[in-house]
Each structure stands twice: as C-alpha cells, then as structure tokens.
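When a ligand or atom number is given, it counts from 1 through the structure's own listing order. Numbering of residues begins at 1 and proceeds along the displayed sequence.
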Amino acid sequence: MKFNLNAIVRPNILSLAPYQCARDDFEGEASIYLDANENPYNSGLNRYPDPYQVDLKRQIGQLKGVSTDQIFLGNGSDEAIDLLYRIFCCPGKDNYISISPSYGMYDVCGKVNDIERREALLTTDFNIHIPRIKELWDQYTKLIFLCSPNNPTGNTLKREDIIELCQSFHGIVVVDEAYIDFAKTPSFSEEIAHYPNLVVLQTFSKAWGLAGIRLGMAMAQAEVISLLNKVKYPYNVNVLTQKKALDILMYEADRVKQQIAEIIQEREKLSEALISIEQVEKVYPTEANFILVKIKDANHCYQQLLKDGTVVRNRTKVILCDDCLRITVGTPAENKVFIDQLRIIAP
Ligand SMILES: *Cc1c(COP(=O)(O)O)cnc(C)c1O
C-alpha cells in the first residue's frame, strides 16, 4: 500500500498558511526586541516562549533517537490527539477507528470534532484482531488509535499487529505510548523512519513525574510533524513548562530512571500481593504503572476503599472489564496500606 499524505489531509488544512509569529520573521539573537509588543522589563517571563521549543526538542531528540523535525510538543499528548482529528478528519464525513477498551480521550476528542467512531473490540486477552479492524475501515477512515501499553488493560499490543496496520492502512496509525517507560517492549519511535503514516505519542505526565506541567509529544516523519506545527496555537507550550522539562531532562534523568525501576519493582510486588487475596479473580499482566484487577464485588470494594481514604479507578462499567478496578502503583508505603485495606474489605 503506497501511502499518500496529502491525499488524506483535510483540504482546508493543506491550503492553510499558518499564523506568522513576530519571531518567525527573525532568527538569531538581537540586543533590542521591539517586535512583539511585550513588556520590556525582564521578569524571566516577559517574553513569548520559543514557538518550536528548539532547545527542548534537541534534548528530547537525543534521548529518543529522533531528529528535532520529527518531534511535536504540545499541552499534554491530548493536544496532539485533538490536532490529529483537526488535520485529517472532516467533521460529519470522515471516521476513525479506536480499540476498545482503551483511553477515553480519543472518543471525547472525536465527539468534539464530530467524527464518527468505529469501535474495534479487543480480544478477551486484550489483543487486537486485525481482520476485525480491516473490516471497519473504508475510504473515509483517516485515523486508527492504538494504545500500547494499553490503558486500562496494561498489556502491550503485539508488535507484528501494529506493523501490519502501518503497512496496510491508507491513513494514520497512532500508537499512544504514554506508559512505554514502564514496559520491556521497545518504543515504536524506532520505526518512524520506516512508516510515513506512523505517529507515536508519549508524555511527560506519567514516568517523568510531570503531569502538572502539561507536556506531551508526538513523533513522526517530518511531513506529519509540520502539519501539527501548522495547526497548533503559536505559543502552545509556555516558558515555565519548557524550562522545567529541560531542567529535568538535563539534570534529573538519573533520578527519574531510578524511580521508574522502583515503580516496576513495586508493580510486581503489588501484583503478587493482589493474587494472594481470595476475592481477587484475576490480576492482568501489565507493562504499565498500573494493574487491572478483576475482583468479586468490585463496586463494593471500590466504595469501601473510598471510605478508607484510598481512591482507585473503577472500571466495572468498561467493556471487557466487568468487576475490574485499575490500581496505580504508588509508593511502597501507599501500596502496603492499600493492600492491608483490601485484605480487610475482601478477605
Ligand atoms: C495518561 C495518558 C495520556 C497522557 O495525556 P497527557 O495529556 O499527556 O497528560 C495519554 N494517553 C494515555 C493512554 C494515557 O493514559
């Protein structure tokens, strides 16, 4: 299948001339800036941020083994999800495919943009069923959203399945890797050179411990990234966020790595502790920083945990997740308290 990017971009986006920032006209360092109507008195925040986050992307590029023009940064990876709809899907006409169960934002964003959803139910062991997905797409299908490790199930999707979709689909294959730093499986960012229709999403919100600064990224070939750049708000990542992320990447990467290792270790301990609880019917295998657990009387357990001051995610109403709670791995002390509480609730 020969992929043709321009053929799947919305015509209004293809012909769009992006907003020209003051700093787009000028490159380099000047001694006096009278071009952007900023307050001239230096507060550290009186200037607009770099619209293309060059320093930050250089650092991320080194870490991920991609070039700066293969990276888009946004206000959380949610921004990239929304932009992908707006770039590729004509409201009321085009459609997208997302797996089920998976992350809720694909569908909220799809609805906001008035794009038809085609739902690809996962198998009972939470894998994708390729023939089922191929039956769903038609010429109006522009995006397929995959999530690996998947939220809320925790498993990674099979590598060969994702590759098969990249090779056979005429539109964009999005692989959301919000939890990839907790996984044994390598990232699909390694594959973007091979697949012009592959977009890999990652975020600073989970493993990097920076949910509060709102920073997410999309990695893809430069042609796709330039579309994202064209449609985004000019200054979509603020100065404080850019500085903080750069700081952590440059000076605290080792601490973060250590934390990730500890969280993975705790995850394994927590899984074993959960299995030992009689009411627990299944602890699903996970490569993320959370565990999906099937438990008798899940709603009751959820409510009792709340009364004890512990909030977990109730997934009992989610398709294929009957009687399931999703437990985020906490600190060793938090996990211990949680397990003690659960033992009393569900002996
Ligand atoms: C948490 C999460 C994200 C993160 O979104 P941000 O906007 O970057 O905070 C993305 N995808 C999935 C599947 C998630 O679970």
K.L.:
For atom 8 (O) of ligand 1, state which one of Leu210, Leu201, Thr203, Asn289 supplies the nearest heavy atom.
P.N.:
Thr203

K.L.:
Using distance alone, with no hydrogens and no angle criterion, decide if Asn127 and Asp161 have a side-chain donor and acceptor under 3.5 Å apart.
P.N.:
no

K.L.:
Is a salt bridge present between Arg255 and Glu252, judged by a nitrogen-to-oxygen distance below 4.0 Å?
P.N.:
yes

K.L.:
Between Lys269 and Glu266, does any side-chain N to carboxylate O distance fall below 4.0 Å?
P.N.:
yes

K.L.:
Counting only heavy atoms, which portion of Asp78 has something under 4.0 Å from ligand 1: side chain, backbone, both, or neither?
P.N.:
both

K.L.:
Output yes when the distance from some N or O of ligand 1 to some N or O of Arg214 is under 3.5 Å, and no in every other case.
P.N.:
yes

K.L.:
I'd like to check whether Asp176 has a polar contact with ligand 1, where a contact means an N/O of the residue lying under 3.5 Å from an N/O of the ligand.
P.N.:
yes

K.L.:
Do me a favour and list the nearest non-hydrogen protein atom to atom 2 (C) of ligand 1 with residue, atom name and distance?
P.N.:
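The closest one turns out to be Lys206 NZ, 2.4 Å.
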
K.L.:
What residue and atom, counting heavy atoms only, is the protein's closest point to atom 15 (O) of ligand 1, and at what distance?
P.N.:
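Looking only at protein heavy atoms, the one closest to atom 15 (O) of ligand 1 is Tyr179 OH, 2.6 Å.
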
K.L.:
Do Asn155 and Thr153 have side-chain N/O donor and acceptor atoms under 3.5 Å apart?
P.N.:
yes

K.L.:
With the threshold set at 4.0 Å, does a side-chain nitrogen-carboxylate oxygen contact exist between Lys336 and Asp340?
P.N.:
yes

K.L.:
Answer with side chain, backbone, both or neither: which part of Phe204 has a heavy atom less than 4.0 angstrom from an atom of ligand 1?
P.N.:
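Within the 4.0 Å criterion, Phe204 makes no contact with ligand 1.
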
K.L.:
Looking at Asp247 and Lys243, is any side-chain nitrogen of the basic one under 4.0 Å from a carboxylate oxygen of the acidic one?
P.N.:
no

K.L.:
Which is it for Cys147 and ligand 1 at heavy atoms under 4.0 Å: side chain, backbone, both or neither?
P.N.:
side chain

